[in-house]
Amino acid sequence: MSNRETPKECVLSGMRPTGRLHLGHYSVLENWIALCEHYEAYFFTADWHAITTQFDDTDDICENKKQVVIDWLSAGLDPAACHIFNQSEIKEHAEMHLLFSMITPLSWLERVPTYKGQVEQFRVQGKDITTYGFLGYPLLQAADILMYLPYGVPVGEDQDAHIEFARELARRFNHLYKVKLFPEPKGLFAKVKTLPGLDGRKMSKSYDNYISLSADEAEVKRRVWQMVTDPARIRKNDPGHPDICTVYAFHGIYNDQMQQPICMACQKGEIGCGECKLKLTDKLNEFLAPIRARRAALEQHPQELDDILREGNRAARLQAISTMEQMREAMKL
Ligand code: SF4
C-alpha cells in the first residue's frame, strides 16, 4: 500500500482590503477556518479589485491589507493550515486576466447583473466608474479563481453569478484550445449568518452600523448602547416585543442560553433595555477577548505577519507559475 497522500482539492476566497473587519464578517471566517481542514486553501487580499472603484483614493490600501490579514488571523485562521497572500504580489493574475480578455465577448461583461447597478450607485454619489478596469472586474475575478484550478469557492449564494462567470470562461477556454486545463469550480455555500447592524439593517461599513472585531471594551459598550430596541417600550415595565429588537437578535447569537429567559422577561416588562444591553455588552466582550489578545500579539510582532505573507505569496506563486505555463502551452504562446 502506498503511503503517498492524495493531494487535497483546492478552495480559495478573497476579500477587498477595506479596513478592519466587523462581527458581520466573522461567520465567513468561521467557514474559511472549517474549510482548511479538508482542502488546500488559499485566501487573498484583493487589492487590485479595490482600485477598480477606489482608483482615486489609494492612500489606505497598504495599511488596510495588513489590517484585514491581522483580523483573519485574530479570528482564528491558522496560517499553517492555509496559504494567505496578496493578489498584487502574484503578477500571473494580471497575465491571466489579459489572456482571458482576448477570448471574452464584450457582451458577457456588459450583461453582468451587478455592473449597471454599481455604476449607477457610484454615479449618484458623484463618481464615474465606467472604466475599462471596472468593466473587466469579473474577468479579473475569474482569473483569481481559475489560477488555482479550484474545486470550489466559498461564497454567499448571492454571489454565484460571479462563479458562473468563471465557469463559463473555463468552458470557453477549454473548448477553444481543446484542453481540460480549467475546472468548473463549485460555489461552496456556507450557512453564513446575516448579522443585523446596530440599526437593524444588514451590518455594513457603509451604514456605519457595525462593531469591529478589534473594538475595545469601551467601544463595544458605546456601540451596543446605540442599538435599536423595541421603540414602543418607554418604561422598564412596558411589555416588550423582542422579535423586533436588534439587541435580542444579538443575544440569540452571542448569549444563546439566555435568549429565552430574556425573551420572557422582556415580554413581561421585567427587564429594562439598559440592563439587557449591559448583559449583551458583557457577552460580546467575552467573545471578542481572545480575538483582541491575538491581535495584540500580532501587532507586537509585525515580523510574524510579514513571514506569513511571504510564505503564502511563495506558495501561491508556485501554483500560479504552473497554471500559467499550462495556459501558455495550450494557447501555443
Ligand atoms: S429588554 Fe432587551 S429584548 Fe426587550 S426590547 Fe429591551 S433591549 Fe430588546
Side-chain angles (χ1 to χ4, degrees), residues 20-38 71-72 74-78 154-159 188-295:
R20 296 188 181 204
L21 303 182
H22 54 64
L23 285 172
H25 295 113
Y26 186 77
S27 64
V28 174
L29 297 178
E30 272 185 316
N31 185 33
W32 286 13
I33 292 163
L35 287 168
C36 291
E37 278 188 38
H38 306 290
D71 275 332
W72 293 352
S74 307
L77 193 64
D78 178 0
V155 285
E157 278 186 60
D158 56 333
Q159 289 164 26
L188 302 175
F189 308 124
K191 282 203 180 92
V192 174
K193 293 167 228 143
T194 305
L195 196 67
L198 308 180
D199 55 3
R201 293 184 289 177
K202 185 183 171 189
M203 187 174 281
S204 162
K205 279 205 156 174
S206 40
Y207 298 146
D208 190 22
N209 64 357
Y210 62 91
I211 297 176
S212 297
L213 288 176
S214 50
D216 62 20
E217 293 199 359
E219 172 70 0
V220 169
K221 187 173 180 185
R222 192 176 70 79
R223 296 300 254 174
V224 171
W225 220 249
Q226 293 171 354
M227 279 186 182
V228 174
T229 63
D230 174 0
R233 279 198 100 194
I234 311 293
R235 288 173 297 273
K236 180 183 164 181
N237 53 0
D238 287 339
H241 302 88
D243 48 315
I244 57 164
C245 173
T246 310
V247 180
Y248 181 70
F250 270 71
H251 275 295
I253 298 169
Y254 298 100
N255 192 14
D256 192 22
Q257 290 182 338
M258 288 305 292
Q259 194 188 26
Q260 198 52 31
I262 284 172
C263 177
M264 287 163 65
C266 173
Q267 286 170 334
K268 289 179 188 168
E270 291 172 354
I271 182 172
C273 293
E275 184 187 343
C276 193
K277 285 181 171 180
L278 284 177
K279 285 182 191 294
L280 178 63
T281 302
D282 288 346
K283 282 291 163 189
L284 280 175
N285 277 325
E286 216 174 273
F287 172 78
L288 289 172
I291 297 177
R292 284 189 202 115
R294 283 193 289 264
R295 170 173 268 276

Shortest non-hydrogen contact between Pro261 and Gln257, atoms and distance: CD-O, 3.7 Å
dist Asp199:CG -> Asp208:CG (nearest 0.5 Å) comes out at 9.0 Å
For the SG atom of Cys273 and the OH atom of Tyr248, what is their distance to the nearest 0.5 Å? 13.5 Å
Determine whether Arg233 and Cys266 make a side-chain contact, defined as any pair of heavy atoms from C-beta on separated by less than 4.5 Å. yes
Take Gln259 and Ile253 through the test side chain to side chain contact (heavy atoms under 4.5 Å, CB included) and record every step on the way to the result. CA-CA 9 Å; Gln259 194 188 26; Ile253 298 169; over 6 Å; no
Heavy-atom pair with the smallest gap, counting every atom of Leu29 and Leu213: CD1-CD1, 4.3 Å
Residues, nucleotides or ligands: over 12 heavy atoms within 6.0 Å of Lys205 NZ: yes
Can any side-chain N or O of Asn209 pair as donor or acceptor with the backbone N or O of Lys202 at less than 3.5 Å? yes
Within the 4.5 Å heavy-atom criterion, are Leu280 and Met227 side-chain neighbours or not? yes
Write down the atom of Gln267, the atom of Pro242, and the distance for their closest heavy-atom approach. CG-CD, 3.8 Å
Side-chain touch Asn31/Tyr26, heavy atoms, less than 4.5 angstrom: no
Is there side-chain contact between Leu195 and Tyr254, with at least one heavy-atom pair below 4.5 Å? yes
Measure from the side-chain N and O atoms of Asp282 to the backbone N and O of Lys279, and report whether any donor-acceptor pair falls under 3.5 Å. no
Which atom of Thr229 lies closest to which atom of Lys277, heavy atoms considered: CG2-CE, 3.6 Å
Measuring from atom CD of Glu217 to atom CG of Leu284, what distance do you get when rounded to the nearest 0.5 angstrom? 11.0 Å
Contact check, side chains of Ile211 and Gln226, non-hydrogen atoms, under 4.5 Å: no
His251 side-chain N/O to Cys276 backbone N/O, donor-acceptor pair under 3.5 Å: yes
Within the 4.5 Å heavy-atom criterion, are Ile244 and Pro231 side-chain neighbours or not? yes
Given side chains that start at C-beta, do those of Arg223 and Tyr210 come closer than 4.5 Å, heavy atoms only? yes
Locate the shortest heavy-atom distance separating Ala215 from Leu288; write the atom from each residue and the value. O-CD1, 4.4 Å
The reported gap from CH2 in Trp72 to CG in Asp78 (rounded to nearest 0.5 angstrom) is 14.5 Å
Donor-acceptor side-chain pairing of Ser204 and Ser206 below 3.5 angstrom: yes
If you define the side chain from C-beta out and look only at heavy atoms, does anything of Pro154 sit under 4.5 Å from Leu35? yes
The reported gap from CZ in Phe250 to CG in Leu23 (rounded to nearest 0.5 angstrom) is 6.0 Å
Counting distance only, does the side-chain N/O of Thr246 pair as donor-acceptor with the main-chain N or O of Val228 below 3.5 Å? yes
With no hydrogens and no angle check, just 3.5 Å: does a side-chain donor-acceptor pair link Arg20 and Ser214? yes
Within the side chain of Asn255, is there an N or O that forms a donor-acceptor pair under 3.5 Å with the backbone of Lys283? no
